[in-house]
Amino acid sequence: MSKELELGNDDYDFPHKHLLGLTDYSGSDIQFILDQAQNFREILDRPVPKVPTLRDKTIVNLFYENSTRTRLSFELAQKRMGADVVNFSASSSSVKKGESLKDTIRNISSMKIDMVVVRHESPGVPHFLTRCVDAAIINAGDGAHEHPTQALLDLFSMQQIYPDLSGKHVAIIGDIAHSRVVRSNIIGLLKLGADVTVCGPKTMMPAYVEELGANVSYNIDETLAWCDIAMALRIQLERQDEGTELFPSIREYHQLFGITMKHLEKYPDFTIMHPGPVNRGVELESRVADSDRSIILSQVTNGVAVRMAVLYLLSGGTRV
Ligand code: CP
């Protein structure tokens, strides 16, 4: 672990009101969240996995896009901490009657809320909400921009295997162009000292990944031979325009970029991760997802602890 990270932790002044992305967070901020998450992870293993640290807080989960893991994980984290929780789903709200995002959030805010967890298909919505209400805003995924709590839980899961990520080789393989997970992971991993390679079809490789400092590869064998951890990403067909497909067929994609049992045999050391949801038989052969090299379900378990840490720190908590 770098000296910067070791130093800040004994008397750390967490400087953030919002979590909009990892760009504004230093390596020390990130490591501090991960250290607090470890404390919450231990609390979750107790017979009564609850702490009343948010019992005076009211939190709204504002989801304009589908979610299974992130939404349930936030809700569970909030309930484990005793918060009052309100769930908003765009599909069953007055959004369907034409109410704007700004009016929606200002009306919700009038009910005296402390925090908003927001997922939206448009990049920048969490930033916009900081200008509309006083509550702390947490980005639960904004378009193809950022998904910071996913990256934090990924980093936490990697540190369970490699407590010091500096110099570790992390590959992110799949639909890079449409992923918000990849940007947050590249930013977080580089701040903790890891080396990152992204791998996928050329048609799905945005220029910004190299600008952020990641390496680019179009060869899955070279990438898997190099990496300690391989994170597969889902092909996001719902974000591709019909008639402008970015690869010839799912079958060909799987042949060129899918991780298979043959890869596990050929390269015996790397660990498999995936943020979910998994398209079995596309980015991962089904048996790979269920193999003992996969930590996909541990990532989900860790997500609750990481989100507890984020909620706690943004609500003004200092140390568990
Ligand atoms: N990883 C993730 O964001 O999953 P959900 O879309 O189910 O929340």
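Sequential numbering from 1 along the given sequence is applied to the chain's residues. Each ligand, and each atom within it, is numbered from 1 in the order the structure gives.
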Could you tell me whether the side chain of Glu283 and the main chain of Asn279 form a donor-acceptor pair under 3.5 Å?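 It does hold such a pair.
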So, Arg119 side chain and Asn66 main chain: donor-acceptor pair closer than 3.5 Å or not?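 Here the side-chain-to-backbone pair exists.
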Under the side chain to side chain donor-acceptor pair (under 3.5 Å) rule, what pairs show up with a residue in residues 134-145, not counting sequence neighbours?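 As it turns out, the side chain to side chain donor-acceptor pair (under 3.5 Å) pairs with a partner in residues 134-145, which skip direct neighbours, are Asn139-Asp142, Asp142-His145.
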Would Lys191 count as a cation-pi partner of Tyr25, with NZ or CZ less than 6.0 Å from the six-membered ring centre and within 45° of the ring normal? no
I'd like to know whether ligand 1 has Glu65 as a neighbour, heavy-atom separation below 4.0 Å.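 It does not; every heavy atom stays at 4.0 Å or beyond.
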Is it true that Gly276 lies under 4.0 Å from ligand 1, counting heavy atoms only? yes
Go through the steps to decide whether Arg183 and Val209 satisfy the test side chain to side chain contact (heavy atoms under 4.5 Å, CB included), and finish with yes or no. CA-CA 7 Å; Arg183 188 193 303 265; Val209 293; over 6 Å; no
Pick from Pro275, Ser67, Gly141, Gly303: the one approaching atom 1 (N) of ligand 1 most closely through a non-hydrogen atom: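 Nearest heavy atom to atom 1 (N) of ligand 1 lies in Pro275.
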Atom 6 (O) of ligand 1 [closest protein heavy-atom partner, distance rounded to 0.1 Å]: Arg119 NH1, 2.9 Å
Counting non-hydrogen protein atoms only, what is the nearest one to atom 4 (O) of ligand 1? Give residue, atom name and distance.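 Scanning the protein heavy atoms, the shortest distance from atom 4 (O) of ligand 1 goes to Arg69 NE, 3.1 Å.
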Just jot down the ligand 1 atoms closer than 4.0 angstrom to any heavy atom of Thr70, in number order.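 Under 4.0 Å from Thr70, ligand 1 has these atoms: 2 (C), 3 (O), 4 (O), 5 (P), 8 (O).
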Could you tell me, atom by atom, which parts of ligand 1 come under 4.0 Å of a heavy atom of Thr68? 5 (P), 7 (O), 8 (O)
Gln150 versus ligand 1: do any nitrogen or oxygen atoms come within less than 3.5 Å of each other? yes
In terms of ring plane angle, is the pair His263 and Tyr267 parallel, tilted or perpendicular, where the classes change at 30° and 60°?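 It falls in the parallel class, under 30°.
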